[in-house]
Novice: 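Below is the structure I would like to discuss, written out as structure tokens.
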There are 2 protein chains.
Amino acid sequence: MFNPVETPPVKPTGETGSATQQAYAALRRMIVIGELSPGEKLKIDTLRKTLDTGASPVREALSLLVSDQLVERLDQRGFRTASASRGNFEEILMLRCHLEEMALRRSITSGNQNWEESLVLAHHRMGRQNRDDVEAFEERHKAFHMALLSACDSPILLKFCNQLYDLNVRYRYLAGRASGYQKRDVSNEHADILAATVERNANLAVERLISHYRQTGDFLTAQFDTPE
Amino acid sequence: MFNPVETPPVKPTGETGSATQQAYAALRRMIVIGELSPGEKLKIDTLRKTLDTGASPVREALSLLVSDQLVERLDQRGFRTASASRGNFEEILMLRCHLEEMALRRSITSGNQNWEESLVLAHHRMGRQNRDDVEAFEERHKAFHMALLSACDSPILLKFCNQLYDLNVRYRYLAGRASGYQKRDVSNEHADILAATVERNANLAVERLISHYRQTGDFLTAQFDTPE
DNA sequence: AAGATCCACAATTTCGATATTTTTAAGTTA
DNA sequence: TAACTTAAAAATATCGAAATTGTGGATCTT
């Protein structure tokens with residue numbers, strides 16, 4: 001009998017997943033890219049209309065976002081986006097340096113050849129992505145950084161890193177790409193991190209990774225002092 | 001005029017907060033103490049009846065618990081409690097050692113006298129608590145350990161530690177207090193940790209804290225090999 | 001006028017019911 | 001007998017409306 005090419009789990013409609021997950025993805029994106037400002041009140045009814053869905057999915061999506069620390073819940077006064085502050089940013093940076101160091105070291109220790117190749121691939125894809133499409137580039141940038149840590153063999157650690165990464169990206173968007181952001185040549189930094197990692201030189205790789213974060217971090221911190 | 005003793009914000013009824021938060025607290029407790037087994041299916045309707053509340057609060061509470069990693073969400077197939085495994089336990093133990101070390105060092109560096117006193121108090125309260133009331137003791141035990149970290153000046157780190165702590169407590173309950181648990185004299189260990197901390201001897205305090213975790217950890221790990 | 005109290009409005013939260021989806025089980029065919 | 005299909009049952013996910021709770025403005029008191 002002809003195998004009908006195996007019907008893929010393509011949803012009848014082109015949409016993705018449940019209403020809750022759609023709302024979650026949409027809200028998450030809006031918060032990370034700054035379409036929703038820090039500390040902004042999130043009225044259920046407004047969001048319901050914006051996302052064209054019911055109140056339940058919105059409410060559930062917001063609950064999920066609370067755990068990501070992108071949304072704060074106020075007792076019985078609804079939700080608001082997480083506030084942004086210099087202190088919060090520095091905290092995120094500090095934790096990222098610690099946790100990603102841990103994850104990277106473990107990855108380098110236990111990563112196999114398959115992991116190694118996935119790194120090269122992720123790096124290549126990032127390089128090929130036109131940087132004018134900011135969101136697309138950010139996606140590949142994240143993919144590269146997460147690939148570095150992906151072999152750490154600790155789902156929880158990976159989850160923490162992922163969370164912190166997103167919180168950090170938000171600050172990048174908030175700072176705006178203005179003011180000559182990205183004047184530095186980050187491409188070289190990425191290449192150097194990749195090289196040290198592939199060579200399994202943990203100390204060097206960690207040093208480069210952290211230096212990479214600290215430099216962009218210092219830049220963003222400076223933005224807090226010069227509001228405009 | 002007589003000041004009417006200042007009406008405290010005591011809720012008219014003795015209950016606490018919204019239905020969602022009540023459900024959240026109740027479910028959390030049930031999972032941590034093992035009243036709900038690892039991997040158990042969590043049927044909304046059943047929980048709705050058990051907690052005597054609506055489906056919305058239950059659903060929202062479960063969403064909150066997903067972030068705590070105490071509950072897993074299955075695409076469109078509802079919720080279940082997080083599964084337990086030796087690997088997962090060892091991961092939690094490992095992360096706890098790393099993160100609590102970081103937090104404790106920071107606490108010792110920046111903690112003030114007020115913090116110091118809160119430690120002594122928490123330790124005292126733990127000692128006074130009858131250990132036959134397991135839940136009450138666990139609460140004070142947690143309070144003591146969290147007090148140690150509370151001056152780390154990093155809310156996110158604290159949140160991570162809190163989360164990991166609860167995940168770990170769950171394994172303690174799962175292992176059951178059977179099999180001669182707590183034969184070791186943990187009271188001395190606590191006292192030693194407190195002493196080193198108050199003396200601001202970070203290296204010693206961290207060493208004792210981690211040793212404390214590793215010992216109970218090794219015990220629990222052994223439980224996995226001897227199911228009964 | 002300053003402060004407190006009350007009332008009407010708005011928003012959140014919760015409930016009951018409906019619509020999908022998944023799971024189970026039976027029935028049919030090779 | 002095993003696998004595939006089909007139908008019924010159960011559970012989840014979602015919606016729309018009611019009930020609870022917070023908010024801001026106007027009124028009254030000091």
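Since the model is a prediction, treat every value here as computed from it, not as a measurement. Reminder, nothing fancy here: chain letters follow the sequence lines and each chain counts from 1. Just so it is clear, the values below take in all heavy atoms, side chains as well, and ignore hydrogens, waters and symmetry mates.
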Novice: Please tell me if A/Ser18 has a side-chain N or O lying less than 4.0 Å from either OP1 or OP2 of D/dT12.
Specialist: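 The answer is no; no side-chain N or O of A/Ser18 sits under 4.0 Å from OP1 or OP2.
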Novice: Please name all residues satisfying side-chain contact (heavy atoms from CB on, under 4.5 Å) with B/Thr109, sequence neighbours left out, ordered by chain then number.
Specialist: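 Not a single residue meets the side-chain contact (heavy atoms from CB on, under 4.5 Å) criterion with B/Thr109.
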Novice: Using whole Å, what does the distance between atom C1' of nucleotide D/dG22 and atom CG of A/Asp75 come to?
Specialist: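 Rounding to the nearest Å, CG of A/Asp75 and C1' of D/dG22 are 10 Å apart.
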Novice: Output the rounded distance in Å from CD (A/Gln22) to P (D/dA13).
Specialist: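 Rounded to the whole Å, the gap is 14 Å.
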Novice: Please name the pair of heavy atoms, one in B/Ser154 and one in A/Leu95, separated by the smallest distance, quoted to 0.1 Å.
Specialist: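 So the minimum-distance heavy-atom pair works out to OG-CD1, 3.9 Å.
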Novice: Listed by chain and number, what are the side-chain contact (heavy atoms from CB on, under 4.5 Å) partners of B/Gln69, not counting sequence neighbours?
Specialist: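 If we apply the side-chain contact (heavy atoms from CB on, under 4.5 Å) test to B/Gln69, skipping adjacent residues, the hits are A/Ile156, A/Lys159, A/Phe160, B/Gln163, B/Leu167.
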Novice: Between protein and nucleotides 16-18 of chain D, what N or O pairs are separated by less than 3.5 Å?
Specialist:
none

Novice: Taking atom P of C/dT21 as reference, at what distance in whole Å does atom CD of A/Gln21 sit?
Specialist: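 Rounding to the nearest Å, CD of A/Gln21 and P of C/dT21 are 14 Å apart.
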Novice: Could you please name the option among C/dC15, D/dT14, C/dT13 that lies closest to any side-chain atom of A/Phe79?
Specialist: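 My answer, after comparing the listed nucleotides, is C/dT13.
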Novice: Mind calculating the distance between CG (A/Asp45) and P (C/dA10) to the nearest angstrom?
Specialist: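 Going from A/Asp45 (CG) to C/dA10 (P), I get 12 Å.
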Novice: CD of A/Gln76 versus P of D/dG22: gap in Å, rounded?
Specialist: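 The distance from CD of A/Gln76 to P of D/dG22 comes to 5 Å, rounded to the nearest Å.
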Novice: Angle class for the A/Tyr165/A/His141 ring planes (parallel below 30°, perpendicular above 60°, tilted otherwise)?
Specialist: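 Answer is tilted, since the angle falls between 30° and 60°.
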Novice: Indicate whether OP1 or OP2 belonging to C/dT12 is found under 4.0 Å from a side-chain N or O atom of A/Lys41.
Specialist: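 Yes, within the criterion.
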Novice: Which pairs, with at least one residue in residues 49-105 of chain B and sequence neighbours excluded, count as a ring-ring contact (aromatic ring centres under 6.0 Å, His included)?
Specialist: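 Qualifying pairs, neighbours excluded: B/Phe89-B/Tyr171.
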Novice: Between D/dT23, C/dT22, C/dT14, which nucleotide has the shortest distance from any of its atoms to the side chain of A/Arg59?
Specialist: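 Closest nucleotide among those given: C/dT14.
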Novice: Rounded to whole Å, how long is the line connecting atom NZ of B/Lys43 with atom P of D/dA9?
Specialist: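 Value for this atom pair: 17 Å.
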Novice: With sugar-phosphate meaning primed atoms plus P, OP1 and OP2, does A/Leu62 contact a base, only sugar-phosphate, or nothing at under 4.0 Å between heavy atoms?
Specialist: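 Nothing, no heavy atom under 4.0 Å.
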Novice: I need the CG-P distance between B/Leu51 and C/dC15, as an integer number of Å.
Specialist: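 In whole Å, C/dC15 P lies 11 Å from B/Leu51 CG.
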Novice: With sequence neighbours left out, what residues match A/Arg214 under side-chain contact (heavy atoms from CB on, under 4.5 Å)?
Specialist: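 Per chain and number, A/Arg214 pairs via side-chain contact (heavy atoms from CB on, under 4.5 Å) with A/Cys97, A/Ile210.
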Novice: Over all heavy atoms of both residues, which pair between B/Thr53 and B/Arg48 is shortest? Give the atoms and the distance, please.
Specialist: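 Shortest heavy-atom separation between B/Thr53 and B/Arg48 comes out as O-CG, 2.7 Å.
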Novice: Are any protein N/O atoms closer than 3.5 Å to N/O atoms in nucleotides 5-8 of chain C? If there are, list each pair with its distance.
Specialist:
none

Novice: Return no unless some side-chain N or O of A/Thr20 is found under 4.0 Å from OP1 or OP2 of D/dT14.
Specialist: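 A/Thr20 to D/dT14 OP1/OP2: side-chain N or O found under 4.0 Å.
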Novice: Carefully, step by step, assess A/Tyr173 and A/Glu138 under the rule side-chain hydrogen bond (donor to acceptor under 3.5 Å, both in side chains).
Specialist: CA-CA 10 Å; A/Tyr173 276 99; A/Glu138 281 294 357; 4.9 Å; no
Novice: From the list C/dA11, C/dT22, D/dC15, which nucleotide is the closest neighbour of the side chain of A/Thr53?
Specialist: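 Looking only at heavy atoms from C-beta outward on A/Thr53, the closest nucleotide is D/dC15.
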Novice: Would you say C/dA11 has OP1 or OP2 under 4.0 Å from some side-chain N or O of A/Arg77?
Specialist: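 A/Arg77 to C/dA11 OP1/OP2: no side-chain N or O under 4.0 Å.
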Novice: Measure from the side-chain N and O atoms of A/Thr81 to the backbone N and O of A/Ser37, and report whether any donor-acceptor pair falls under 3.5 Å.
Specialist: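 Side chain of A/Thr81 to backbone of A/Ser37: a pair is present.
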Novice: Using every non-hydrogen atom in the two residues, find where A/Arg106 and A/Asp153 come nearest and quote the distance to one decimal.
Specialist: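 Heavy atoms only, the tightest pair is NH2-O, 3.8 Å.
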Novice: Tell me: CD1 of A/Ile44 to P of D/dT14, nearest whole Å?
Specialist: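 Going from A/Ile44 (CD1) to D/dT14 (P), I get 15 Å.
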